[in-house]
Amino acid sequence: MFLHFHLLHLDLSKVYLSLSRAKQLHALILKTHLSHDPFYATRIVRFYAVNGDLHSACKLFDESPSQSVYLWNSIIRAHAQAHKFEEAFSLFTKMLRTEIRPDNFTYACIIRACSESFDLEGLKLVHCGVTVSGLGLDSICSSALVTAYSKLGLVDEASRVFYGTPQQDLVLWNSIISAYGNCGRWDKGLQLFSEMRSMEMMPDGYTIVGLLLGLSDSSLITIGQGLHGLCLKCNLDSNAHVSSVLVSMYSRCMCMNSAHRVFSGLFQPDLVTWSALITGYSQSGDYGKALFFFKNLNMEGKKADSILIASVLAAAAQIANVGPGCEIHAYVLRHGLESHVMISSALIAMYSKCGFLGMGTRVFEIMPEKNIISYNSLILGLGLHGLASEAFRMFDEILRNGLKPDEYTFTALLGACCHAGIVKDGREIFRRMKDEFCIQPRTEHYVHMVKLLGMEGGLEEAYNLILSLPEPVDCGIWGALLLCCDVCGNSELAEIVAQRLFESSSEKGAYRVMLSNIYAGDGRWDDAKKLRDHMTEGKLRKITGLSWIKGFSRSA
DNA sequence: ATAGGGTTAG
């Protein structure tokens, strides 16, 4: 018996176990009644949770003679980690009815569960509970609260919690820095970083990751390079998380050379880092490189997962040739990954973008389980091929199957109307989206509506639609109208629209080019020239030159 | 005597 205790103790503290060893252990646990020991009971619950056996965990919990705080926490955590939030909450309320008081760890776990299930009401309630039970100043509860509020988009609330906590440890600093990073406020993150340094707190990998997360476009590249330098100085560049975030930061900033340099300096990049690099090449338009690195990954004998495959498929969808996409499809079948909804949806998109809508439809039809994402992919493909009525038939099928259309469904449907030029159905589905499905239209919906109305001669109506929107109006929407002005050859309205864009957008150059293009198309050469003279950058001059050529060939 | 936990990436 004592030997068994010893063996179990050794094995249970390991995170990874082979399946057969886990089964042996399970048998041993049942035989020894070790689970009646309060100390081992929590360890065993943890063991079951790690191995995905919630059923046994619950059984053990229910049969346990004495339920300590430890045991309660581990069973709640087991459910929360398996995303069984309902069960986790009901266990928590059950715990409140016992003698045992929840402690800071219990609350931390429940707080996280609230944010992962997007339950703001619940989070506020639990926050009250924390305060009432006298844990309002506890740094463990606070870091969980900071993260939870930021995940739900309430970064100011997160900040209040942070400043309300007297003992700010490293984890709490990291939580608030990540909170600001997550919403793109890198400057605030850096400010906190310097505050933290002035208090002699040493940053770690989490800190750097939080700071890097906030950098999202190429204008911030110098900040990113500075942080990269900091990583090297702190010897954090070998940390797997840090290096993958460096790769994705450089990718977001369109610095693929730097991204590749970081990548190739790694001893054994993990799947996330590979996928950051591949996605980076794909998003900067270098689809060939994206596929090349996917090939390299395979040659190193590594197995891609569904997220990586979906990203490679997005690259394959952008090449005119369907060949690479087919190869990836074969890879998916060989590795038995075809049941992943994300992969199937990416396959549908790839085939339809490469012109093989039939193959896309086929993939859709043989999917064992279709969800709203797969329907959205198919509708997008149908729309791309001008088959608006087919797209609407799919929409009806969604409703018949009791699925709930989401904002992407309507984006795809409106796109289908744009391609087919059917204003009436577009108007109708836009109305139903708002009234019947209570979906607040977003930028992309307005962009499609503006294009749909504007392209079919309803420039005035499109303009009025934009004027009815609350400020600030996204410049993509104005841009769509400018495009329509170009197509309809209306340079007066284009002038007004461009003015709005010059006021609000940072990409003045591109809109100047478009406007001068419209002027040229309308024969207003002097106005076009005046605009062109404003531009100093060589590249922009080149583009303007092209627009002159285009305008000239149109009027000739 | 032992025990659990809060913050990171594609």
Side-chain angles (χ1 to χ4, degrees), chain A residues 5-6 9 12-13 37-47 49 68-78 80-81 102-113 115 130 135 138-151 158 161-162 165 167-182 189 203-214 231 236 239-252 259 262-263 269-283 290 293 297 304-312 314 342:
Chain A
F5 271 55
H6 195 65
H9 190 93
L12 288 172
S13 44
D37 180 277
F39 167 74
Y40 281 101
T42 56
R43 278 221 153 167
I44 294 168
V45 166
R46 254 191 73 167
F47 160 75
S68 64
V69 192
Y70 296 107
L71 192 59
W72 273 107
N73 290 354
S74 49
I75 194 74
I76 291 175
R77 193 172 150 66
Q81 278 183 329
D103 62 9
N104 48 355
F105 297 116
T106 326
Y107 278 111
C109 189
I110 287 296
I111 289 165
R112 188 187 170 118
S115 78
V130 169
L135 290 165
D138 181 84
S139 64
I140 288 171
C141 286
S142 292
S143 29
L145 280 169
V146 166
T147 304
Y149 277 122
S150 100
K151 287 237 164 90
V161 173
F162 174 78
T165 312
Q167 300 277 350
Q168 292 155 339
D169 64 5
L170 182 60
V171 177
L172 187 56
W173 278 104
N174 289 345
S175 304
I176 190 67
I177 288 176
S178 296
Y180 280 113
N182 268 325
D204 65 358
Y206 288 91
T207 325
I208 303 289
V209 167
L211 290 169
L212 285 168
L213 276 179
C231 290
L236 289 167
N239 173 311
H241 286 284
V242 171
S243 47
S244 81
V245 178
L246 277 172
V247 170
S248 74
M249 181 275 294
Y250 278 126
S251 299
R252 280 196 304 271
V262 173
F263 179 84
D270 62 11
L271 267 194
V272 179
T273 314
W274 275 95
S275 123
L277 186 77
I278 290 174
T279 311
Y281 278 121
S282 175
Q283 285 177 351
F293 277 98
L297 172 85
D305 65 4
S306 58
I307 298 180
L308 206 149
I309 298 277
S311 127
V312 179
M342 202 170 15

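Only this structure's heavy atoms are used, side chains among them; waters, hydrogens and symmetry mates stay out. To find a chain, count down the sequence lines: A is the first, B the second, and so on, and within it residues start at 1.
- Nucleic acid contact class of A:S139 (heavy atoms, under 4.0 Å, all strands): base.
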Step-by-step side-chain contact (heavy atoms from CB on, under 4.5 Å) determination, A:L172 to A:D169: CA-CA 5 Å; A:L172 187 56; A:D169 64 5; 3.4 Å; yes
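- Residue contacts shown for A:N239 are absent, as no nucleic acid heavy atom lies under 4.0 Å away.
- Within 4.0 Å (heavy atoms only), A:V242 reaches no atom of the nucleic acid at all.
- Rounded to an integer number of Å, the gap from A:Y70 OH to B:dA1 P is 14 Å.
- Among the nucleotides B:dA9, B:dG6, B:dA3, the one closest to the side chain of A:V209 is B:dA9.
- Within 4.0 Å (heavy atoms only), A:T42 reaches at least one base atom of the nucleic acid.
- Within the 4.0 angstrom heavy-atom criterion, base atoms lie near A:S244.
- Close to B:dG6, at under 4.0 Å from its OP1 or OP2, lies a side-chain N or O of A:R77.
- Residue-to-nucleotide contacts include a donor-acceptor pair under 3.5 Å from the side chain of A:D305 to the base of B:dG10.
- Take A:T106 and apply the side-chain hydrogen bond (donor to acceptor under 3.5 Å, both in side chains) test, not counting sequence neighbours, and it matches A:N73, A:D103.
- At the heavy-atom level, A:L71 lies nowhere under 4.0 Å from the strands shown.
- Looking at the side chain of A:V69, the nearest of the listed nucleotides B:dG4, B:dA3, B:dG10 is B:dG4.
- Atom CD1 in A:I44 sits about 12 Å away from atom C1' in B:dA3, given to the nearest Å.
- With hydrogens and angles left out, the side chain of A:D138 and the base of B:dG6 share no donor-acceptor pair within 3.5 Å.
- The nucleotide whose nearest atom lies closest to any side-chain atom of A:H241 is, among B:dA9, B:dT7, B:dG10, B:dA9.
- Within 4.0 Å (heavy atoms only), A:N104 reaches no atom of the nucleic acid at all.
- Distances from the side chain of A:V245 to the nucleotides B:dG6, B:dT7, B:dA9 place B:dA9 closest.
- Residue A:K151 places at least one side-chain N or O closer than 4.0 Å to OP1 or OP2 of B:dT8.
- With hydrogens and angles ignored, a donor-acceptor pair under 3.5 angstrom links the side chain of A:D103 to the base of B:dG4.
- Per the geometry, CD belonging to A:Q168 stands 20 Å off P belonging to B:dG6, to the nearest Å.
- Atom OG of residue A:S142 and atom CG of residue A:N104 lie 10.0 Å apart, to the nearest 0.5 angstrom.
- Between B:dG5 and A:R46, a contact under 4.0 Å exists linking OP1 or OP2 to a side-chain N or O.
- Between A:V247 and A:F263, the shortest heavy-atom contact is CG2-N, 4.1 Å.
- In this structure, OG in A:S115 is found 10.0 Å from CG in A:L145, a value given to the nearest 0.5 Å.
- In this structure, A:F263 places its CZ atom 12 Å from C1' of B:dG10, rounding to the nearest Å.
- Counting only heavy atoms from C-beta on, A:S248 has its side chain closest to B:dG10 among B:dG4, B:dG10, B:dT7.
- The closest side-chain donor-acceptor pair between A:T42 and A:S74, if any, does not fall under 3.5 angstrom.
- Atom CG in A:L308 sits roughly 13 Å away from atom P in B:dG10 (whole-Å rounding).
- Rounded to an integer number of Å, the gap from A:I309 CD1 to B:dG10 P is 18 Å.
- A:R112 has its CZ atom 4 Å from the P atom of B:dT7, to the nearest Å.
- Closest approach to the A:V272 side chain among B:dG4, B:dG6, B:dG10 is made by B:dG10 (side chain taken as heavy atoms from C-beta onward).
- Atom P of nucleotide B:dG10 and atom OH of A:Y250 are separated by 17 Å, given to the nearest angstrom.
- Of the candidates B:dG6, B:dT7, B:dG10, B:dG10 carries the atom nearest the A:L271 side chain, counting heavy atoms from C-beta on.
- Legend: residues meeting ring pair (Phe, Tyr, Trp, His ring centres under 6.0 Å) with A:F293, ordered by chain and number and at least two apart, are A:H260, A:Y281.
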